[in-house]
Amino acid sequence: MNKSVSVKVYHGYGHAHNLVVYGHVFKRKAKTRQVYSNNLFVNIIHLLKLFILKPYAFVEVRLKFLDQTVYHKTERDGFFKFEWDARHDVPAGWHDVKVEAIGQDGSVLNTGEGRVYVPHITQYAFISDVDDTVMVSHSATVGRRLRELFIKNPHTRKTFSDTASHYQQLALSHTEPNQPNPFFYVSSSEWNLYDYLVETFRFNKLPDGAFLLNTIKRWKDLIRTGKTGHEGKLLRVMRILDTFPNQKFVFFGDNSQQDPKIYSSIVEKYPQNIEAVYIRNIRPEKEVETIELLKKVKDKGVEACLFNDSSEAIAHSKLIGLIV
């Protein structure tokens, strides 16, 4: 194996006729084993390392899933996306995948492993924003957002009270314990922060899920972390809906930025696919505007809840039967 080449595979998702897995190949990537320290300097150094990398452009990658092999090439930023049909029915649950980076001479440069989640067709699926919906991030203010990133680590990042309890109840409702309802975490954060976010969610006992993040950034662009257009997030959410046209979805977001507008526009086009929309009331000055957007959601026959505390959202989920 070429130790200077690394293959990063992110959690994927899909069903027998449309499986999706994302990842990156890097020519050089700083070692980023997290030390969970309260030392500000240690946390800053670790965060900077997440943005010190050199993508491997246009290298061949080979995915192995069950008895199938699929070939692709990375993009300019080292990113790859495999989308394929399974030869056989794939049972619900998590399944292992392996991705190899292939050199020009056909040798395997290095290998990465990941998992793909296949939900049961009758299950609900949940799409949740991350910053200021699950984690306290102050994403509307660049300085405060960077402060949260720099001074905290995945074990000290604060999540909103009762959010983990709410999501865990939803994950296990209307299904078998070994087949939890799928969660998709859609964030404006970059793929650089993937491991950071996965560990934050694991430590805070949030349901395992697939993360859909933003284009990778280099260290010189760190100041602009978390900044992406309205269209980017909309496209990522729509991609999930397109993959599961027969699934019923529940959206979670907040009103610090564009979530109410994004979700209401999706409900406008696909009301039959959406069961409910939940918006955390982070910015009271935008409450009136948010209520107006959620009224449009309700007018389409979709449940909507604007909440200040997760206990209100839990009560609403029980009222409409999402939690039993």
Tell me, do [X] and [Y] make a side-chain contact under 4.5 Å, heavy atoms counted?
{"X": "Leu193", "Y": "Phe51", "answer": "yes"}
{"X": "Ile102", "Y": "Val59", "answer": "no"}
{"X": "Ser317", "Y": "Leu170", "answer": "yes"}
{"X": "Lys300", "Y": "Val267", "answer": "yes"}
{"X": "Ser128", "Y": "Val134", "answer": "yes"}
{"X": "Arg62", "Y": "Val99", "answer": "no"}
{"X": "Phe251", "Y": "Ile266", "answer": "yes"}
{"X": "Ile216", "Y": "Phe26", "answer": "yes"}

Using salt bridge (Lys or Arg N to Asp or Glu O under 4.0 Å) as the criterion, list what pairs up with [X], not counting sequence neighbours.
{"X": "Glu292", "result": "none"}
{"X": "Asp129", "result": "Lys233"}
{"X": "Lys286", "result": "none"}
{"X": "Lys298", "result": "none"}

Compile the donor-acceptor pairs under 3.5 Å between side chains in residues 63-70 and protein atoms, sequence neighbours left out, one pair per line.
{"residue": "Asp67", "atom": "OD2", "partner": "His88", "partner atom": "NE2", "Å": "3.4"}
{"residue": "Gln68", "atom": "OE1", "partner": "Arg87", "partner atom": "N", "Å": "2.9"}
{"residue": "Gln68", "atom": "NE2", "partner": "Asp85", "partner atom": "O", "Å": "3.0"}

Interatomic spacing from [atom1] in [X] to [atom2] in [Y] - rounded to 0.5 Å:
{"X": "Thr215", "Y": "Asn192", "atom1": "OG1", "atom2": "CG", "value": "10.0 Å"}
{"X": "Asn281", "Y": "Ser256", "atom1": "CG", "atom2": "OG", "value": "11.0 Å"}
{"X": "Glu100", "Y": "Ser107", "atom1": "CD", "atom2": "OG", "value": "10.5 Å"}
{"X": "Glu303", "Y": "Leu322", "atom1": "CD", "atom2": "CG", "value": "8.5 Å"}
{"X": "Phe80", "Y": "Lys73", "atom1": "CZ", "atom2": "NZ", "value": "15.0 Å"}
{"X": "Arg280", "Y": "Asp259", "atom1": "CZ", "atom2": "CG", "value": "11.5 Å"}

Requested in this report: Dump the intermediate steps for ring pair (Phe, Tyr, Trp, His ring centres under 6.0 Å) on Phe183 and Tyr167, then the final yes or no.
Outcome: CA-CA 9 Å; Phe183 269 79; Tyr167 283 22; 5.1 Å; yes
Measuring centre to centre across the rings, with the benzene-like ring taken for any Trp, is [X] within less than 6.0 Å of [Y]?
{"X": "Phe126", "Y": "Phe249", "value": "no"}
{"X": "Tyr194", "Y": "Tyr10", "value": "yes"}
{"X": "His95", "Y": "Tyr117", "value": "no"}
{"X": "Phe201", "Y": "Phe211", "value": "yes"}
{"X": "Tyr278", "Y": "His316", "value": "yes"}

I'd like to know if Arg202 pairs up with Asp208 as an ion pair, taking the criterion as any Lys NZ or Arg NE/NH1/NH2 lying under 4.0 Å from an Asp or Glu carboxylate oxygen.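 Answer for the salt bridge query: no.
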Requested in this report: Answer yes or no: is there an ion pair linking Glu83 with Lys81, defined by an N-O contact shorter than 4.0 Å?
Outcome: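 Counted as a salt bridge, because a side-chain N and a carboxylate O are separated by less than 4.0 Å.
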Contact summary for [X] and [Y], nearest pair of heavy atoms:
{"X": "Gly12", "Y": "Ala210", "result": "O-CB, 4.3 Å"}
{"X": "Thr74", "Y": "Ala57", "result": "OG1-C, 3.4 Å"}
{"X": "Ile314", "Y": "Asp162", "result": "CD1-O, 3.9 Å"}
{"X": "Pro260", "Y": "Leu293", "result": "CB-CD1, 3.7 Å"}
{"X": "Tyr196", "Y": "Lys152", "result": "OH-O, 3.7 Å"}
{"X": "Val250", "Y": "Phe252", "result": "CG1-CE1, 3.8 Å"}

In sequence, state the C-alpha distance, the side-chain angles, and the governing distance for Asp254 and Thr133, and then conclude on side chain to side chain donor-acceptor pair (under 3.5 Å). CA-CA 5 Å; Asp254 63 86; Thr133 299; 2.7 Å; yes
Take atom [atom1] of [X] as the centre, draw a 6.0 Å sphere, and report whether it contains more than 12 heavy atoms from other residues, nucleotides or ligands.
{"X": "Phe41", "atom1": "CZ", "value": "no"}
{"X": "His17", "atom1": "NE2", "value": "no"}
{"X": "Lys248", "atom1": "NZ", "value": "yes"}
{"X": "Tyr270", "atom1": "OH", "value": "no"}
{"X": "Asp89", "atom1": "CG", "value": "no"}
{"X": "Glu285", "atom1": "CD", "value": "yes"}

Exercise answer: donor-acceptor pairs, residues 237-247 side-chain atoms, under 3.5 Å, sequence neighbours excluded:
{"residue": "Thr243", "atom": "OG1", "partner": "Arg239", "partner atom": "O", "Å": "2.8"}
{"residue": "Gln247", "atom": "NE2", "partner": "His120", "partner atom": "O", "Å": "3.0"}
{"residue": "Gln247", "atom": "NE2", "partner": "Gln123", "partner atom": "O", "Å": "2.7"}

Open item on the list: Checking Ser165 against Gln169: is there a side-chain donor and acceptor pair closer than 3.5 Å?
Closed with: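 The answer is yes; a qualifying pair exists.
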Does [X] use its side chain to pair, donor to acceptor, with the backbone of [Y] at less than 3.5 Å?
{"X": "Asp132", "Y": "Ser137", "value": "yes"}
{"X": "Asn204", "Y": "Leu206", "value": "no"}
{"X": "Thr156", "Y": "Asn153", "value": "yes"}
{"X": "Asn181", "Y": "Ser173", "value": "yes"}
{"X": "Gln168", "Y": "Lys205", "value": "yes"}

Next item on the list: Could you walk me through whether Glu148 and Arg157 pass the salt bridge (Lys or Arg N to Asp or Glu O under 4.0 Å) test, one step at a time?
Entry: CA-CA 8 Å; Glu148 281 294 314; Arg157 280 300 293 267; 3.7 Å; yes
Quick one: do Tyr22 and His11 satisfy ring pair (Phe, Tyr, Trp, His ring centres under 6.0 Å)? Show the steps, please.
-> CA-CA 7 Å; Tyr22 303 98; His11 284 351; over 10 Å; no
